[in-house]
Every structure is written in structure tokens, then in C-alpha cells.
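Okay, so here's the structure we're looking at.
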Amino acid sequence: LDSLTLRSAAEDRATYLQRPDLGRQLDVASQRALDTLGLPYRADRYDLAFALVDGLSPRAIHRHAIPLLEQVLAGLRGSPQPWDVAPVAIVQQGRVAIGDEIGAALCAQMVVVLIGERPGLSSPDSLGAYLTWAPCVGRTDAERNCLSNIRPEGMAYADAAARLVALLHESRRRQVSGVPLKDEREALPARPTSRNVLLAP
């Protein structure tokens with residue numbers, strides 16, 4: 001896929017952390033880039049756009065975004081109805097809602113934002129996937145579907161890809177996302193975890 005390199009209106013990391021609103025919108029140069037580069041793309045309406053956004057954990061994007069995206073695209077290739085996928089947007093200093101502006105600019109029916117989630121003590125590289133039907137500026141979190149903790153130690157790539165592909169098909173069929181759209185796949189049993197055991201003498 002072709003790609004577009006974009007930035008949010010947060011000019012640096014400190015501003016990004018202090019002004020979440022600026023992380024939800026593109027900077028002027030990126031808006032112009034979409035206007036210029038988007039012109040040939042707008043001849044046809046896209047079914048789907050992906051945005052890879054650093055978010056609060058750039059490490060998560062670096063480690064997990066491409067492996068997940070490859071499996072999602074492989075799952076979509078077997079669909080009876082083809083998917084026309086827009087160029088992938090790679091976004092620095094972004095938050096989830098920036099995908100709405102990108103999806104709208106590319107005239108995409110839906111957008112999937114892959115973003116690094118807030119690091120936790122046990123998951124510094126957790127990836128989230130957010131699906132929004134009919135993206136436009138002003139969409140709320142209630143209008144999105146989220147898959148969280150995507151990483152080998154959490155939700156495995158294959159499971160996340162299968163769930164996301166199923167949501168994409170159902171979203172396109174029903175033309176909705178968010179609260180009205182549920183992940184109806186059965187939850188996979190939790191994998192056993194190893195624990196350190198202190199043995200008494």
C-alpha cells in the first residue's frame with residue numbers, strides 16, 4: 001500500500017501531553033498534504049482507510065502495527081465483496097480522533113486507527129485498534145469499536161485480526177459502528193501464564 005506521513009497539531013511531545021485537543025487534529029502542512037495527495041485518490045470512494053498513530057506508546061506501533069495490519073489485509077482479501085483500501089496514514093503525535101479527519105479527507109467509508117495505548121506496569125507496548133464508520137470530525141467514542149491490548153502477551157495478532165475483520169464486514173453491512181455494533185465472536189480461553197514460585201526450604 002502507498003503511505004502518507006502526517007503530523008498532528010501538537011508540535012512536540014510536551015504539547016501533545018498537555019493539549020490532547022491538538023493531538024486530535026492535523027497540522028496545517030498535513031492538511032495541505034492530504035489536499036494535494038488526496039486529489040487522485042478521491043476519484044473513487046474508498047471502503048477503508050488505516051491510520052498508524054504513535055499515541056502514548058510509539059513502541060507499540062513499532063512492534064505490532066505491521067504484523068497486525070498484514071493479517072487484517074490477508075483476511076480481507078478472501079472477502080466475496082472486494083475492499084478498496086486507501087493509502088496508509090502514518091501519524092506522529094496523534095490521538096484516536098485524528099483518524100476521523102484523515103478518513104473524511106480520503107473519502108473513506110470507515111477508518112481503523114492503530115494506536116499505541118497508555119503504557120502500564122506490565123504492558124509498555126500495548127496496541128489498540130479503533131474502528132469508526134463514516135468518519136468525520138466530531139465523532140464520539142460511543143461511535144467507535146475498540147480492540148485493546150493487542151500484543152503477543154495479550155490479544156494475539158491472529159485473534160485481533162479475526163475480530164477486526166469480522167467487525168469490518170458487519171460495519172459495512174449495517175453501516176454503523178460503536179454501541180450498535182458488537183464483537184460477537186466467542187472469547188478465546190485465556191492462555192496459561194507462567195508464574196515465579198518461591199519454594200520454601
Side-chain angles (χ1 to χ4, degrees), residues 1-11 16 22-55 57-116 125 127-137 139 144-147 150 157-158 160-169 171-172 175 177:
L1 296 173
D2 292 334
S3 63
L4 307 169
T5 302
L6 308 171
R7 293 186 61 91
S8 78
E11 59 185 13
Y16 171 82
L22 296 180
R24 300 185 184 108
Q25 54 188 289
L26 294 169
D27 68 3
V28 174
S30 296
Q31 292 172 356
R32 290 173 179 166
L34 274 180
D35 287 341
T36 301
L37 297 176
L39 287 175
Y41 302 140
R42 289 174 184 163
D44 297 308
R45 182 180 177 87
Y46 282 106
D47 299 310
L48 176 61
F50 287 97
L52 276 54
V53 184
D54 52 4
S57 176
R59 184 188 303 181
I61 287 293
H62 178 72
R63 290 182 175 176
H64 310 311
I66 297 303
L68 175 64
L69 185 58
E70 287 177 339
Q71 294 201 28
V72 171
L73 291 173
L76 293 177
R77 289 190 195 103
S79 304
Q81 183 180 353
W83 288 82
D84 193 5
V85 181
V88 176
I90 302 171
V91 188
Q92 292 180 305
Q93 312 286 19
R95 295 184 182 266
V96 172
I98 203 167
D100 297 334
E101 185 175 359
I102 294 167
L106 292 173
C107 298
Q109 285 188 327
M110 63 187 88
V111 64
V112 171
V113 174
L114 302 182
I115 188 168
D125 62 341
L127 183 73
Y130 291 80
L131 162 65
T132 307
W133 171 263
C136 63
V137 175
R139 290 292 189 201
R144 313 185 202 283
N145 292 86
C146 173
L147 299 176
I150 302 170
Y157 301 147
R163 291 177 184 276
L164 185 53
V165 168
L167 285 170
L168 287 168
H169 282 298
S171 180
R172 181 163 71 171
Q175 300 187 6
S177 62

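As the structure is a computational prediction, the values presented were derived from the model and not from experiment. All residue numbers in this chain count up from 1 along the given sequence.
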Which residues pass the ring pair (Phe, Tyr, Trp, His ring centres under 6.0 Å) test with Tyr157, sequence neighbours left out? His64
For the CG atom of Leu68 and the CG atom of Leu147, what is their distance to the nearest 0.5 Å? 8.5 Å
For the backbone of Tyr16 and the side chain of Arg95, can you confirm whether one donor and one acceptor N or O come within less than 3.5 Å of each other? yes
Taking all heavy atoms of Leu106 and all of Ala86, pick out the closest pair and write down the distance. CD1-CB, 4.0 Å
Once rounded to the nearest 0.5 Å, what's the spacing between atom OG of Ser79 and atom CG of Asp47? 10.0 Å
Donor-acceptor check, side chain of Asp54 to backbone of Gly94, threshold 3.5 angstrom: yes or no? yes
Tell me if a side-chain donor or acceptor on Ser177 pairs with a main-chain N or O of Trp133 at a distance below 3.5 Å. yes
Closest non-hydrogen atoms of Gly99 and Pro135, given as atom of the first, atom of the second and distance, are O-CB, 4.3 Å
Between the CG atom in Leu168 and the CD atom in Gln109, the distance rounded to the nearest 0.5 Å is 11.5 Å
Can you tell me how far apart CD (Gln93) and CG (Leu6) are? Round to the nearest 0.5 Å. 13.0 Å
When every non-hydrogen atom of Ile102 is compared with those of Ala51, the smallest separation belongs to CD1-CB, 4.3 Å
Take Ile61 and Leu127 through the test side chain to side chain contact (heavy atoms under 4.5 Å, CB included) and record every step on the way to the result. CA-CA 7 Å; Ile61 287 293; Leu127 183 73; 3.6 Å; yes
Test item: Asp2 side-chain N/O and Pro87 main-chain N/O as donor-acceptor pair under 3.5 Å: no
Is it true that a side-chain atom of Ser30 and a backbone atom of Arg7 form a donor plus acceptor pair closer than 3.5 Å? yes
Test Leu164 against Val112 for side chain to side chain contact (heavy atoms under 4.5 Å, CB included), laying out the working first. CA-CA 9 Å; Leu164 185 53; Val112 171; 4.0 Å; yes
With a 4.5 Å limit on heavy-atom distance, are the side chains of Leu34 and Leu4 in contact? yes
Can you find a pair of side-chain heavy atoms, one from Glu101 and one from Arg24, that are under 4.5 Å apart? no
Tell me whether Gln92 contacts the main-chain N or O of Ser8 through its side chain, where contact means a donor paired with an acceptor under 3.5 Å. no
Please assess Val113 against Phe50 for the test side chain to side chain contact (heavy atoms under 4.5 Å, CB included), listing each intermediate value before the final yes or no. CA-CA 6 Å; Val113 174; Phe50 287 97; over 6 Å; no
So, for Pro82 and Pro80, which heavy atoms are closest and what is the spacing to 0.1 Å? CD-O, 3.7 Å
Would you give the length of the straight line joining atom CG of Asn145 to atom CG of Leu131, rounded to the nearest 0.5 angstrom? 5.5 Å
What pairs with Arg63 under salt bridge (Lys or Arg N to Asp or Glu O under 4.0 Å), at least two apart in sequence or on another chain? Asp125
Applying the side chain to side chain donor-acceptor pair (under 3.5 Å) criterion to Asp100, which one of Arg144, Arg139, Gln25 satisfies it? Arg144
So, do Leu52 and Ile115 sit near enough that their side-chain heavy atoms are less than 4.5 Å apart? no
Interatomic distance, Asp84 atom CG to Leu76 atom CG [nearest 0.5 angstrom]: 11.5 Å
I'd like to know whether Val53 forms a side chain to side chain contact (heavy atoms under 4.5 Å, CB included) with Leu114, so could you lay out the CA-CA distance, the side-chain angles of the two residues, the decisive distance to 0.1 Å, and finally the verdict. CA-CA 6 Å; Val53 184; Leu114 302 182; over 6 Å; no
Indicate the atoms forming the closest heavy-atom contact of Cys136 with Ala104, along with that distance. CA-CB, 4.2 Å
Quick one: list whatever passes ring pair (Phe, Tyr, Trp, His ring centres under 6.0 Å) with Trp83, sequence neighbours left out. His169
